[in-house]
There are 2 protein chains.
Amino acid sequence: MVGMSLRHAVLGLLADRPASGYDLMKRFETSLAHVWSATQSQVYGELGKLADGGLVEVSAEGPRGRKEYAITPAGRAELRHWLTEVEPVRTRRSDSLLRVFFLGELTRLEARTYLLGEAERQARQLAGLKEAEAAIDWGDDPLSVHGRLAMEYGKRLSEMHEEWARWAAEQLTP
Amino acid sequence: MVGMSLRHAVLGLLADRPASGYDLMKRFETSLAHVWSATQSQVYGELGKLADGGLVEVSAEGPRGRKEYAITPAGRAELRHWLTEVEPVRTRRSDSLLRVFFLGELTRLEARTYLLGEAERQARQLAGLKEAEAAIDWGDDPLSVHGRLAMEYGKRLSEMHEEWARWAAEQLTP
DNA sequence: AGGATCATGTAAGATGTTACATGATTAG
DNA sequence: CTAATCATGTAACATCTTACATGATCCT
């Protein structure tokens, strides 16, 4: 029990509404795609552990063995506790930034190429986010409201990253 | 052998100059602190695996069982390959952004408090980076040059994050 | 002499990824 | 009837964290 934000991601999604493991997977792949990733085996595994711990319960069963889980009061309490009492941990690990440190192994031209490629990737990322933003049917529900805040963060991050990459490429131009 | 950037972090540091596991740990805790974290057991374990694979070799032995490792041509080739041919993977996982999604579980006041706390954390982070920047004796060597680029990224990220958090807090103010 | 620092390693457990395995139901 | 989708789960392996364990050497 070290970091375990997967647990809180599952609780958070179930706090919005009950869902099956399959439903949750779709939400990890859409709304949470740029925020927290999870694999199918993680999600099913975590649902089992949460149910054992009484933080969620099977609220309905459906066709094809479908099990719909709902958050329990204990689960909601744990979610609130995490949101209000637990310091966010940032184990910073950025593959793309790590590379920057070692760009000295490459020629200037190669290093510049890497940085400009990075700028391009971020530009594409930003375009994708804007597209997604336009396609989403934003409502007034809490998840929409806060999803918009997260979306704005993603856009600002991509913009910042792209600008920085272009600036960094320039720094390497004698 | 899935992501394995730890391996490349070690190779990258050894490409700069030979070092012991102990030396590497200090560099993970300083230069790479905001870029890639590693624990002692990971570092010693990875050095063993890299030596087995012929990507590094023991270049000198010293007191207290000290073993200094140097990168081999094969290791340098692997580093170059990673830098130029392998797409950066971003398994985006942001604890602090995940929370934003679930802020609907809290009252408006609590949510605003969270966001303003986030702004404060980022302001402190920025101050810490500026202090570190001033304290570092930047040279003209490749690692210094590229370290400065990474430092600039960190500063821009903190600034952006803080501004965003204040903006988001305002959005929740009716 | 004794505390700080240097120095390496192992073990157990938590977390994450990939691949495998299976089958029911629905829509065209 | 058949392809797509829904639906759950396990196994093996990779990665990361925490804690334990040990001892040499340097500085004052």
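Numbered from 1 within each chain, the chains take letters A, B, ... in sequence-line order.
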Check: Taking N and O atoms by type only, does the side chain of A/T39 place a donor or acceptor under 3.5 Å from a partner on the base of C/dT18?
Finding: no
Taking OP1 and OP2 of C/dG9, is either one under 4.0 Å from a side-chain nitrogen or oxygen of B/K67? yes
Taken to the nearest whole Å, CD/B/E68 to C1'/C/dC6 is 14 Å
A/W36 atom CH2 is separated from C/dT17 atom P, nearest whole Å, by 10 Å
When rounded to the nearest 0.5 Å, the distance separating CG of B/L97 from CD of B/E118 is 9.0 Å
When rounded to whole Å, the CG to P distance for the pair A/D95 and C/dG16 reads 17 Å
From CG of A/L47 across to P of D/dT10 the rounded distance in Å is 12 Å
Check: OP1 or OP2 of C/dG9 sitting under 4.0 Å from any side-chain N/O of B/Y44?
Finding: no
Comparing nearest nucleotides in DNA chain D, the 5'-proximal residue of the pair A/G21, B/L6 is A/G21
Give a yes/no answer on whether the side chain of B/Y22 brings an N or O atom under 4.0 Å of OP1 or OP2 in C/dC6.
yes
May I ask you to say what B/S20 touches in the nucleic acid, namely base, sugar-phosphate or nothing, with a heavy-atom cut-off under 4.0 Å?
sugar-phosphate
| request: Evaluate salt bridge (charged side-chain N to carboxylate O under 4.0 Å, His left out) for A/R121 paired with B/E87, printing each intermediate quantity in order. | output: CA-CA 10 Å; A/R121 269 190 290 279; B/E87 276 278 294; 3.4 Å; yes
B/M4 CE to C/dT17 P, in whole Å, measures 15 Å
Between CZ of B/F28 and P of D/dT17 the distance, given in whole Å, is 11 Å
Check whether any side-chain nitrogen or oxygen of A/R64 sits under 4.0 Å from OP1 or OP2 of D/dA4, and answer yes or no. no
Closest of C/dA11, C/dT17, D/dG9 to the A/S41 side chain is C/dT17
inquiry  = Side-chain N or O of B/R66 versus OP1/OP2 of C/dG9: is the shortest distance under 4.0 Å?
reply    = no
In whole angstroms, the gap separating C1' of D/dT17 from CZ of A/R93 amounts to 9 Å
Check: With distance as the sole criterion, do the side chain of A/Q42 and the base of C/dT17 form a donor-acceptor contact below 3.5 Å?
Finding: no
Between CD of A/Q40 and C1' of C/dA19 the distance, given in whole Å, is 11 Å
Taken in chain and number order and not counting sequence neighbours, the residues that satisfy ring-ring contact (aromatic ring centres under 6.0 Å, His included) with B/W82 are B/H8
Check: Linking I/L/V/M/F/W/Y whenever their side-chain heavy atoms sit closer than 4.5 Å, directly or via other members, would A/L6 and A/L55 fall into one cluster?
Finding: yes
Closest non-hydrogen contact found for A/L98 with B/S5 is CD2-O, 3.7 Å
